[in-house]
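Okay, so here's the structure we're looking at.
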Amino acid sequence: MNYVTLNNGVKMPQLGFGVYQIPDSPECEQNVLEAIEAGYRSFDTAAGYLNEGSVGRAIAKSGVLREELFITTKLWIQDASYEAAKKAFQNSLKQLGVEYIDLYLIHQPFGDYYGAWRALEELYKEGSIRAIGVCNFEPDRLLDLILNSEIKPAINQVEIHPFFQQKELKALAKEYDVQLEAWGPFAEGKYGIFTNEVLSKIAKKHGKTVGQVVLRWHMQSGVVTIPKSVHKERMVENFNIWDFELDAEDMADIESLDTGHSEIINFHDIETIKFLVGAKIHD
Ligand code: NAP
């Protein structure tokens, strides 16, 4: 496993496991246990996924020491304010059955996220969170938060994959030492990613799968990522990416696939913003 060192010195596995769209259920628990068996130690959940309970139960059952795990969860938009963030954080701890969170992220760049950030800064200073960060912050909002906060975000978790490479954000993150983390590393299966000609050719050349090539590209681009799968064989496949290397030509060919925009979500779309701002996960 490769590790990245965040801007506060905390080490984070570069490859983890995401649980978005896996309903809170014995199956989710089983998926996380299988991922632990496959070797994953970093897990990405969110209050908004409503499955922190399953992740917590799997962690407890696994018998793996807490300090060997890296747990990420996120503050939902409904709780994006100082007071609500403090309360939501306690609830996430309870759901996950842990005493601290490794990485706590503001899930969306909407609402009173500055108030929420102040709450995260305090929780970080108290030692309840090892690193704090954000998700889905485009370059302007990320820079504004960096310039107006005591503690700058350690992570910005955003959509990144070969078809949406986020080059402007990558440059800004590098300049200000904010680690980028890719959600949707496989573009959630869109853009015909798993049968793409360029990726398939590279996969064949290395005797690997398209999924492995894509994850290797994320690793060699210096990005952290958290692929999701409910299939054990794919969890194993996605974890087995350390025995080959993409060369300069492969990297350039993948770079040429960038479309510069997302087919998954558009944070400038008014209907999307209205939907997110109104999305409640509790009373
Ligand atoms: P993703 O990881 O890009 O793609 C998951 C899809 O790819 C699933 O349909 C999965 O199918 C399939 N898949 C996985 N491995 C495969 C393989 N080796 N071969 C073929 N198909 C494969 O999408 P994601 O779940 O949206 O993103 C990953 C994680 O990022 C999430 O789980 C979540 O933790 C996080 N995330 C964060 C945000 C945010 O706003 N911060 C947004 C979205 C996601 P099966 O499950 O059927 O195998």
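A quick note: this is a predicted structure, and the numbers were derived from the prediction, not measured. When a ligand or atom number is given, it counts from 1 through the structure's own listing order. Side chains are part of it too, since the values below use all heavy atoms of this structure and drop only hydrogens, waters and symmetry mates. Here, residue 1 is the first one in the sequence, and each next residue gets the next number.
Ranking protein heavy atoms by distance to atom 41 (N) of ligand 1, first place goes to Q157 OE1, 2.7 Å. Atom 4 (O) of ligand 1 has E188 CA, 3.5 Å as its closest protein atom, hydrogens excluded (heavy atom only). Nearest protein neighbour of atom 32 (O) of ligand 1, counting heavy atoms only, is Y20 N, 2.9 Å. Looking only at protein heavy atoms, the nearest one to atom 40 (O) of ligand 1 is N136 ND2, 2.9 Å. In terms of protein heavy atoms, atom 42 (C) of ligand 1 is closest to W183 CD2, 3.2 Å. If you check which protein heavy atom lies closest to atom 17 (C) of ligand 1, you get R234 CD, 3.6 Å. Atom 29 (C) of ligand 1 has as its closest protein heavy atom I226 O, 3.2 Å. Among all protein heavy atoms, the one lying closest to atom 3 (O) of ligand 1 is F186 N, 2.8 Å.
Any N or O atom pair closer than 3.5 Å counts here, and G211 shares no such pair with ligand 1. Considering backbone and side-chain atoms alike, G189 places every N or O at 3.5 Å or more from each N or O of ligand 1. By the 3.5 Å distance cut-off applied to N or O atoms, K74 is not counted among the residues near ligand 1. Checked against a 3.5 angstrom limit, the closest N/O atoms of V19 and ligand 1 fall inside it.
For N238, every heavy-atom contact with ligand 1 shorter than 4.0 Å involves the side chain, none the backbone.
Comment: E121 engages R118 in a salt bridge, judged by a side-chain N to carboxylate O separation of less than 4.0 angstrom. A salt bridge does not link K205 to D253: none of the charged side-chain nitrogens sits closer than 4.0 Å to a carboxylate oxygen.
The 12-atom threshold is exceeded at NZ of K167, counting heavy atoms of other residues, nucleotides or ligands nearer than 6.0 Å. Counting heavy atoms of neighbouring residues, nucleotides and ligands inside a 6.0 Å radius, atom NZ of K190 exceeds 12 of them. Surrounding CD of E197 are at most 12 heavy atoms belonging to other residues, nucleotides or ligands under 6.0 Å away.
Interatomic distance, I101 CD1 to F89 CZ, rounded to the nearest 0.5 Å: 5.5 Å. Atom CE in M12 sits 13.0 Å away from atom CG in N2 (nearest 0.5 Å).
Numbered from 1 in the order shown, with element, the atoms of ligand 1 that lie under 4.0 Å from a heavy atom of P227 read 2 (O). The ligand atoms of ligand 1 that sit less than 4.0 angstrom from a heavy atom of A187 are 3 (O). Proximity to C135 (heavy-atom distance under 4.0 Å) selects the following atoms of ligand 1: 41 (N). Near G184, meaning under 4.0 Å from one of its heavy atoms, ligand 1 places the atoms 1 (P), 3 (O), 23 (O), 27 (O), 28 (C), 30 (O). Short contacts between ligand 1 and D44, defined as distances under 4.0 Å to a heavy atom of the residue, involve ligand atoms 33 (C), 34 (O), 35 (C).
Taking each of Y49, F267, F194 in turn, the one with a heavy atom nearest to atom 33 (C) of ligand 1 proves to be Y49. Ranked by closest heavy atom to atom 6 (C) of ligand 1, the top entry among E237, K228, H107 is K228.
With contacts defined as side-chain heavy-atom distances shorter than 4.5 Å, the pair K208/N240 qualifies.
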Show the numbers, then the answer: is there a side chain to side chain contact (heavy atoms under 4.5 Å, CB included) between F163 and E263? CA-CA 9 Å; F163 305 96; E263 280 183 16; over 6 Å; no
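Counting all heavy atoms, side chain and backbone alike, A182 lies closest to I226 at O-CG1, 3.7 Å.
Of the listed residues (W183, Y20, W76), just one forms a ring-ring contact (aromatic ring centres under 6.0 Å, His included) with H107, and that residue is W76. Of the listed residues (F70, F239, Y40), just one forms a ring-ring contact (aromatic ring centres under 6.0 Å, His included) with F17, and that residue is Y40.
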